[in-house]
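Since the structure comes first, as structure tokens, the remarks are kept for the end.
Each chain gets a letter, A, B and so on, in the order its sequence line appears, and its residues count up from 1. Values reported hereafter were calculated over all heavy atoms of this structure, with side chains retained and with hydrogens, waters and symmetry mates removed.
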Amino acid sequence: MPELPEVETTRRGIEPHIVGQQVDQLIVRQPKLRWPVPEQLSDYLKGKVIESVQRRGKYLLLNTDQGAAMYHLGMSGSLYMVSADQPPAYHDHVDLVLKNGMALRLTDPRRFGSLLWQARGEQHELLVKLGPEPLSDAFDADHLQAACAGRKVAIKQLVMNSAVVVGVGNIYANEALFAAGIHPKRAAGRISRQRIEQLVVEIKRILAAAIEQGGTTLKDFIGGDGKPGYFKQELSVYGRGGEACVRCDTPLTEIRLGQRSTVFCPNCQR
DNA sequence: AAAGACACCTGGGAGC
DNA sequence: TGCTCCCAGGTGTCTT
């Protein structure tokens, strides 16, 4: 489900309901997520006040004065507010119950998501190697060019590498490469400076636009406010293999690149 | 060091 | 109706 825009949409949706609230308890019905939910997490969180909700890449950090609850939504996760007495459904794995009677509920059918703890003053090891935020000034043409230099890997796989830049998943990698006119299989080290600059611009533009639209709802994504995302209407290539290119009418080609479905226009993208 | 394959897990849709 | 197979928004780890 979630790439960066969906995670940011979730963050904005839950933030007003959580910041300043005190944790009553953490109910873990299914601890077997991508990594086991730490057994002591409930003790860590009990009685703490959520001071802020922060996003780093696709992680959400619920900060307290002792450390942070660190959520990742994997492929199929979502987070939303419910009344604490709302009966859980089958895949509702964790409730963060607040003293005001509400709860932050984690649903994740495939369980590729996670809920971990980051101690105060430490950086969790999963965050250490992350590259810059795509919407920050640290992600610029100099950075991307340096990451591409000498690399034979396909540019699509490079921009999806979280050590290079965080938050660019399969949907937006496809879309950004189309917008920049770059073939997804092109070797990263064989792209001109000018086209790298264009790619940086398009990644930022598309992610920002998707956030504005509340993310992309494919199957069942809903933001923290319970509304679906509307960016699907803006997709030019993702999910459109075989259909006509919006720019030149050529049928879009669909291939697999690193086990991920990849769609591009063989005429517009070189 | 870099590239590629594989792993984790469930549900939905296509095809027979 | 029901079975099998393939696919899905992620990403750490193991193998070449």
Side-chain angles (χ1 to χ4, degrees), chain A residues 1-11 29-37 55-60 70-79 89-94 106-116 124-131 134 146-176 184-190 203 206-207 210-211 213-223 228-235 237-242 254-263:
Chain A
M1 170 226 295
E3 297 187 32
L4 186 146
E6 292 74 45
V7 178
E8 178 62 21
T9 297
T10 298
R11 192 195 70 75
R29 301 183 195 87
Q30 171 57 279
K32 293 180 187 170
L33 304 184
R34 174 74 200 270
W35 288 279
V37 178
R55 182 186 56 72
R56 174 71 176 109
K58 296 172 190 165
Y59 291 91
L60 282 176
M70 190 171 112
Y71 287 84
H72 193 289
L73 300 178
M75 290 277 268
S76 59
S78 51
L79 275 175
Y90 184 45
H91 294 297
D92 295 345
H93 304 311
V94 182
L106 173 67
T107 301
D108 186 5
R110 294 180 70 182
R111 285 191 268 129
F112 288 170
S114 56
L115 172 54
L116 298 166
H124 195 283
E125 60 176 6
L126 291 173
L127 305 185
V128 170
K129 284 172 283 185
L130 293 183
C148 287
R151 302 286 300 277
K152 288 185 175 174
V153 69
I155 184 62
K156 174 162 180 269
Q157 290 171 287
L158 185 127
V159 299
M160 290 178 68
N161 179 347
S162 65
V164 172
V165 58
V166 298
V168 183
N170 199 36
I171 297 178
Y172 301 110
N174 277 302
E175 294 298 316
K185 280 182 80 174
R186 174 164 286 276
R190 298 199 49 206
I203 287 172
I206 287 169
L207 290 177
I211 291 170
Q213 301 276 317
T216 300
T217 292
L218 291 183
K219 290 196 182 106
D220 51 6
F221 173 75
I222 48 171
Y230 296 101
F231 195 70
K232 188 175 196 304
Q233 311 163 43
E234 322 262 331
L235 300 180
V237 290
Y238 182 86
R240 297 192 63 241
E254 180 157 6
I255 61 173
R256 297 196 69 81
L257 223 182
Q259 279 91 359
R260 311 296 249 115
S261 122
T262 302
V263 186

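The aromatic ring of A:F112 stacks onto the base of B:dC8, its centre lying under 5.5 Å from the centre of the six-membered base ring with the two planes under 30° apart.
Within the 3.5 Å criterion, the main-chain N or O of A:I171 finds no donor-acceptor partner in the side chain of A:N174. When atom types are taken as modelled, the side chain of A:R55 and the backbone of A:G57 share a donor-acceptor pair closer than 3.5 angstrom. A:E3 contributes a side-chain N or O that, together with a main-chain N or O of A:N170, makes up a donor-acceptor pair within less than 3.5 Å. Between the A:D92 side chain and the A:T107 main chain, no donor and acceptor come within less than 3.5 Å of each other. The backbone N or O of A:R34 sits nowhere less than 3.5 Å from a side-chain atom of A:S114 that would complete a donor-acceptor pair.
Not one side-chain nitrogen or oxygen of A:S76 sits closer than 4.0 Å to the OP1 or OP2 atom of C:dG10. The phosphate of B:dC9 (OP1 or OP2) has no side-chain N or O of A:H91 nearer than 4.0 angstrom. Between A:H72 and C:dT11 there is a side-chain N or O to OP1 or OP2 distance below 4.0 Å. Put simply, A:K58 has a side-chain N or O that comes within less than 4.0 Å of OP1 or OP2 on C:dT11.
At whole-Å resolution of the value, CG in A:N161 and C1' in C:dT13 are 14 Å apart. Between the NZ atom of A:K152 and the P atom of C:dT16 there is a distance of 20 Å, given to the nearest Å. In this entry the distance linking CD1 of A:I255 with C1' of B:dG4 reads 15 Å, nearest Å. Distance, A:L33 CG to B:dC9 C1': 11 Å, rounded to whole Å. Distance, A:D108 CG to C:dG10 P: 13 Å, rounded to whole Å. The interatomic distance linking A:K185 (NZ) with B:dG4 (P) rounds to 9 Å, in whole Å. Remark: C1' of B:dA2 and CG of A:L158 are 12 Å apart, rounded to the nearest angstrom. Here the P atom of nucleotide C:dG12 and the NE2 atom of A:H124 are 11 Å apart, to the nearest Å.
One can find a donor-acceptor pair under 3.5 Å joining the base of B:dC9 and the side-chain atoms of A:R110.
The side chain of A:R34 approaches C:dT11 more closely than any other nucleotide in the set C:dA8, B:dA3, C:dT11. Checking C:dA8, B:dA5, B:dG4 against the side-chain heavy atoms of A:S261 singles out C:dA8 as nearest. The A:L126 side chain lies nearest to C:dG12 when the options are C:dG10, C:dG12, B:dA3. Comparing C:dG10, B:dG11, B:dC6 against the side chain of A:R260 picks out C:dG10 as the nearest.
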Given the rule in the side chain to side chain contact (heavy atoms under 4.5 Å, CB included) test, do A:V166 and A:R56 qualify, once you have shown the distances and angles that lead to the verdict? CA-CA 8 Å; A:V166 298; A:R56 174 71 176 109; 3.7 Å; yes
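Checking B:dT10 for Watson-Crick or G-U wobble geometry (two distances, each under 3.5 Å) identifies C:dA8 as its partner.
Residue order along DNA chain C, read from the 5' end via each residue's closest nucleotide, puts A:R256 first among A:S162 and A:R256. Both A:G258 and A:Y90 lie near DNA chain B, and the one whose nearest nucleotide falls closer to the 5' end is A:G258.
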